[in-house]
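Following: one structure in structure tokens, then a few remarks.
Order of listing sets the numbers, starting from 1, for every ligand and every atom in it. Worth knowing before you read on, the calculation uses all heavy atoms, side chains too, and leaves out hydrogens, waters and symmetry mates.
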Amino acid sequence: MEKKDILILAIESSCDETAASVVKNGRWVLSNVISSQIALHTQYGGVVPEIASRKHIENINGVIEEALAEARVTLDDLDAIGVTYGPGLVGALLVGVAEAKAIAFAKKKPLVGVHHIEGHISANYIENKELEPPFICLVVSGGHTHLVVVNGYGDYKVIGRTRDDAAGEAFDKVARAIGLGYPGGPKIDRLSKEGNKDAVRFPIAKVNDAPLDFSFSGLKSAVLNHINMCQMKNIEINPADIAASFQKSVVDVLVSHSMEACSMYGMKKFAIAGGVASNSAIGEAFSGECLKRNIEFYHPSPVYCTDNAAMIGAAAYYEYIKGVRHGYDLNAVPGLKLGERI
Ligand code: KG4
Ligand code: ZN
């Protein structure tokens with residue numbers, strides 16, 4: 001008998017993207033619909049949680065209808081509903097969780113809650129059908145900077161984390177300081193190409209007792225101090241040079257810690273994930289370093305780096321086949337830890 005395909009409808013609403021996707025057997029994306037609210041939040045210089053929740057509730061049914069239509073399936077064809085239930089903005093998460101529960105309840109389908117970071121890591125499975133754990137993954141997003149040993153599906157060990165700002169947060173704050181606006185990451189990425197990355201030497205803090213941990217708040221302050229110093233001395237600042245020099249500092253520390261982690265754990269497979277992973281300088285730097293060390297390097301396309309529901313569908317599949325099911329009392333857990341089950 002031929003093995004039946006597993007179809008999962010996945011929903012993601014943890015921050016400012018309302019997203020739905022139909023994923024087959026964890027790695028084949030039949031549809032991936034993303035309704036971004038970026039334009040709406042740009043005028044406030046960042047994500048306004050209350051506005052995000054209201055936009056999610058307005059858009060979610062339309063996004064799901066589109067995802068089903070594009071995949072040419074109906075709710076009846078689905079094997080399970082996967083949904084991000086944390087971490088993230090509570091009001092935003094609640095919209096996706098309530099929607100997933102309503103569909104699961106009405107259609108009597110299993111409900112699988114997914115950790116958002118587990119989703120980011122699983123984005124790597126979509127375009128790398130051969131990738132299997134164990135591997136090390138660097139997760140760099142707007143809210144998280146984690147070095148993770150992926151021992152198996154759903155089996156994670158966090159071996160490094162940020163002590164203060166996330167990498168994406170640093171990009172966003174520095175972008176604001178040099179007048180680029182929100183979201184900062186892609187704008188710094190673009191502007192850096194016109195700048196000299198050796199123009200300004202920004203320090204990067206080492207965390208003494210934890211060689212794999214990160215700290216970005218000092219770097220952010222150094223950039224702000226540099227700008228203030230230039231203004232006081234009437235020196236014209238060059239935003240492209242600042243962007244490129246800042247980006248170089250971030251890339252250097254991400255690469256050195258990640259390569260250190262690979263050698264500490266004797267790992268020959270390394271992946272990156274999260275919005276910041278779509279940064280072009282980060283991609284280039286890791287490709288080169290991994291090649292030098294004979295490490296296989298995996299990274300999702302930009303659309304699977306930033307928030308999307310296909311990655312949630314990939315993660316949900318591996319939870320589903322392990323037998324993970326959530327009850328109709330599933331709640332949003334804004335501070336959910338990786339590897340924690342609720
Ligand atoms: O993963 P994501 O979409 O949302 C979270 O889970 O946080 O990541 C968003 C973050 C933002 O901070 C954004 O500035 C950053 O990813 N980002 C980038 C780039 N594209 C998005 N950072 C650097 N370079 C990029 N090309
Ligand atoms: Zn994310």
[X] atom [atom1], over 12 foreign heavy atoms within 6.0 Å:
X	atom1	answer
K197	NZ	no
K157	NZ	no
K337	NZ	no

| Is it true that E17 lies under 4.0 Å from ligand 1, counting heavy atoms only? | no
| Under a heavy-atom criterion of less than 4.0 Å, does C15 contact ligand 1? | no
Can you tell me which residue and heavy atom of the protein come closest to [atom], and the distance to 0.1 Å?
atom	answer
atom 24 (N) of ligand 1	N279 ND2, 3.0 Å
atom 15 (C) of ligand 1	V276 CG2, 3.9 Å
atom 14 (O) of ligand 1	D172 OD1, 2.7 Å

Atom indices of ligand 1 within 4.0 angstrom of [X] heavy atoms, with elements:
X	answer
H120	1 (O), 6 (O)
T306	3 (O)
G168	12 (O)
S278	19 (C), 20 (N), 25 (C), 26 (N)
G143	7 (O)
G142	5 (C), 7 (O), 8 (O), 9 (C), 10 (C), 12 (O)

| For ligand 1, is any non-hydrogen atom under 4.0 Å from D307's backbone (N, CA, C, O), its side chain (CB onward), both, or neither? | both
| request: Could you see which bit of D189 sits under 4.0 Å from ligand 1, with heavy atoms only: side chain, backbone, both or neither? | output: side chain
Short N or O distance, [X] and ligand 1, threshold 3.5 Å exclusive:
X	value
S280	no
E169	no
G275	yes
P183	no

Considering only NZ, NE, NH1 and NH2 on the basic side and carboxylate oxygens on the acidic side, decide whether [X] and [Y] come within less than 4.0 Å.
X	Y	result
D79	K4	yes
K173	D165	yes
D209	R163	yes

| task | Could you check I312, I64, V95 and say which one makes a side-chain contact (heavy atoms from CB on, under 4.5 Å) with I11? | result | I64
| message | Test: salt bridge (charged side-chain N to carboxylate O under 4.0 Å, His left out). Region: residues 233-253. Which pairs qualify, not counting sequence neighbours? | response | K248-D252
| said: Among residues at least two apart in sequence or on other chains, which ones pass side-chain contact (heavy atoms from CB on, under 4.5 Å) with N279? | reply: F171, D189, Q247, A281, I282
| Partners meeting side-chain contact (heavy atoms from CB on, under 4.5 Å) with I237 (sequence neighbours left out) | I227, C230, I242
| message | As a check for students: among Q247, H144, H116, identify the option with a heavy atom nearest to atom 6 (O) of ligand 1. | response |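 Nearest heavy atom to atom 6 (O) of ligand 1 lies in H116.
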| message | I'd like to know if the side chain of S215 pairs up with that of D164 as donor and acceptor (distance under 3.5 Å, no hydrogens or angles considered). | response | yes
| Which protein N, O or S atoms sit under 2.8 Å from the Zn ion (ligand 2)? | H116 NE2, H120 NE2, D307 OD1
| request: Identify whether L330 and I60 are in the same connected component of the hydrophobic contact network (ILVMFWY, side-chain heavy atoms under 4.5 Å). | output: yes
Please name the pair of heavy atoms, one in [X] and one in [Y], separated by the smallest distance, quoted to 0.1 Å.
X	Y	answer
K107	D76	NZ-OD1, 3.2 Å
A80	V112	CB-CG2, 4.4 Å
A20	A67	O-CB, 3.7 Å

